[in-house]
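Structure first, commentary second.
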Amino acid sequence: MLSRLRDIVGDQHVLTDPDQTAGYLTDWTGRFTGVASAVVRPRTTAEVAAVMSLCAAECVPVCVQGGNTGLVGGSIPPSGPDVGAERGAAGPLLLSTTRMTDIGEVDTIGRCVGVQAGVTVEAVDAAAAAAGLAFGVDLAARASATAGGVVATNAGGIRMIRHGNTRAQILGIEAVLADGRILRRWSSLVKDNVGYDLPGLLAGSEGTLAVITGVLFRLVPALRETIVAVAGFDWVSDAIALIGTATDRGLTVEAAEIMTEAGVDLVHSHGHRRPLATPAPYLVLVEVSGTGDVEQAVVDLLAAAGIADAVLEPGPARALWSIRESHTESIARSTATPVVKLDVSVPIRALPQAFDDLSALAADDARPCRPILFGHVGDGNIHVNLLDVAEDDTRALTEKVFAIVTAHGGSISAEHGIGRAKTDWTHLGRSDVDLAVMRSVKDTFDPNGLLNPGVIFG
Ligand code: FAD
Ligand code: MLT
Ligand code: ZN
């Protein structure tokens, strides 16, 4: 098997030495570590197709990995006994797309660009910017997260409030199926309504339906001049009202993020300046664009909202943004045990109560934890990070969070997917019929269960 893989991708792109493979086999949070018989790094769709045909013939499971910044364990192979061993297969392969980095020419008329799966979000945006455009998806992991990864997780990110999630940016897709066939639907047509939306189906499939090898992304106008403001609020409801008022006043909300005093304190302890002199329970970062004097419009907006203390800077305001974007790293470095990361969403109207209910977890003496809440407030998306949780309390606290979220009619996964982390709770947001139909889709695409076994379906 290994020599045939080397014939396909080249000797130096089949890794078996543990020193070389270790970085691929543990996820970004450190909570998931898996086992693989080899890490394979194809360069082209044809090589991926040859690898998948071989794995299909030998019944070898394949875990697909892009930038390995996923936060639900989906980019790591199973950790248990070699999956597939009962079929006499070798242990899973890890297929890394990181060598697949070709970027096509930007179509400035059609406003789109075709990229290979391993191209990072940052590189897609840089190619767009060189042509006076921008990529509609942005997230703090932009330097590592890949085109294939953001499609496979249907990533949200900080621009979702303005441009929608990753699925909304897809015009076309190229993918290799579990049997090695190549599916290619690649057209810059704005309207093409022939049959099922297969590209849309692969968005959010988390490596369980196909190996995405290329994406044709729509591009959006480059960000005009913006104003970035951070303001302190006593109530989440006032923060939500501010976003609505901004829109009503003709401003375009390019981003709207919420943080808490505890999160800003944590980030401050890791070297980032506090944005405001006056402490506040909640801090909201908004980035807005518009016509006329946007800065004055934002000052008026904040004054009308009765905001006592705020800081405004012309975009990109990287120092202000870094306070929000360094939450993930600061949290990872501050917790005594692997952080319990629960990316959830609730209806916007339920956000104030959900924040109160989730913050109250800190008062649960039976299961001590340090909740740090932040997220994309305009999407109703709260990133619930529970620090210093005893391993024995992880499941009970996870179920408490999910009970709060579902009681508010929310979702147990807002943008990170299910991965391996949340497979026990997919019934909380999906009916038996829904789960059965998704299972039948999986069985149709991957009848032998070779692609990312254990992800989404457990
Ligand atoms: P990986 O982690 O390598 O894989 C993720 C999943 O996609 C796995 O199931 C994997 O099997 C599958 N996959 C990867 N490539 C392919 C492919 N070519 N074909 C088929 N399946 C594939 N996420 C958000 O949504 N919004 C955020 O704001 C955000 N911010 C983040 C900030 C930080 C600091 C970090 C560390 C992560 C953040 N994330 C965020 C999570 C993560 O960046 C996203 O889930 C991202 O989409 C993962 O991309 P990746 O290339 O790293 O994928
Ligand atoms: C973010 O918005 O920063 C990410 O989704 C990461 C996280 O949840 O930690
Ligand atoms: Zn996020």
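Computed from a predicted model, the values in this text were never measured in an experiment. In each ligand, atom 1 is the first atom listed, and ligand 1 is the first ligand listed.
- The aromatic rings of H327 and F374 sit tilted relative to each other, their planes meeting at an angle between 30° and 60°.
- With contacts defined as side-chain heavy-atom distances shorter than 4.5 Å, the pair T146/Q65 does not qualify.
- To the nearest 0.5 Å, the span separating OG1 on T328 from CD1 on I372 amounts to 11.5 Å.
- Applying side-chain hydrogen bond (donor to acceptor under 3.5 Å, both in side chains) to T213 and the options T97, T44, T45 leaves one that passes, T45.
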Can you list every pair where an N/O of ligand 2 is under 3.5 Å from an N/O on the protein?
{"from": "ligand 2", "atom 1": "2 (O)", "to": "R324", "atom 2": "NH2", "distance (Å)": "2.6"}
{"from": "ligand 2", "atom 1": "2 (O)", "to": "H376", "atom 2": "NE2", "distance (Å)": "3.1"}
{"from": "ligand 2", "atom 1": "2 (O)", "to": "H383", "atom 2": "NE2", "distance (Å)": "3.1"}
{"from": "ligand 2", "atom 1": "3 (O)", "to": "R324", "atom 2": "NH1", "distance (Å)": "3.2"}
{"from": "ligand 2", "atom 1": "3 (O)", "to": "R324", "atom 2": "NH2", "distance (Å)": "3.4"}
{"from": "ligand 2", "atom 1": "3 (O)", "to": "T328", "atom 2": "OG1", "distance (Å)": "3.3"}
{"from": "ligand 2", "atom 1": "5 (O)", "to": "H383", "atom 2": "NE2", "distance (Å)": "2.9"}
{"from": "ligand 2", "atom 1": "5 (O)", "to": "E415", "atom 2": "OE2", "distance (Å)": "3.0"}
{"from": "ligand 2", "atom 1": "5 (O)", "to": "H416", "atom 2": "NE2", "distance (Å)": "2.7"}
{"from": "ligand 2", "atom 1": "8 (O)", "to": "H383", "atom 2": "ND1", "distance (Å)": "3.3"}
{"from": "ligand 2", "atom 1": "9 (O)", "to": "T328", "atom 2": "OG1", "distance (Å)": "2.9"}
{"from": "ligand 2", "atom 1": "9 (O)", "to": "K341", "atom 2": "NZ", "distance (Å)": "2.7"}

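- D443 places no side-chain N or O within donor-acceptor distance of the main-chain N or O of N448, the cut-off being under 3.5 Å.
- Side chain of N381 to backbone of V344: a donor-acceptor contact under 3.5 angstrom is found.
- With the Zn ion (ligand 3) at the apex, E415 OE2 and H376 NE2 define an angle of roughly 100° (rounded to 10 degrees).
- Listed as neighbours of ligand 1 are W28, V64, Q65, G66, G67, N68, T69, G70, L71, G74, S75, T97, A117, L139, A140, A141, A145, T146, G148, G149, V150, A152, T153, A155, G156, G157, E206, G207, A210, V211, I212, T328, H376, E415, H416, N452, each bearing a heavy atom under 4.0 Å from the ligand.
- V14 places none of its side-chain heavy atoms less than 4.5 Å from the side chain of I8.
- For the atom pair L5 CG and R41 CZ, the distance stands at 13.5 Å (nearest 0.5 Å).
- For D343 (side chain) and S413 (main-chain N/O), no donor-acceptor pair under 3.5 Å exists by modelled atom type.
- Proximity of the aromatic rings of H383 and H416 is defined here by a centroid distance below 6.0 angstrom, and this criterion is met.
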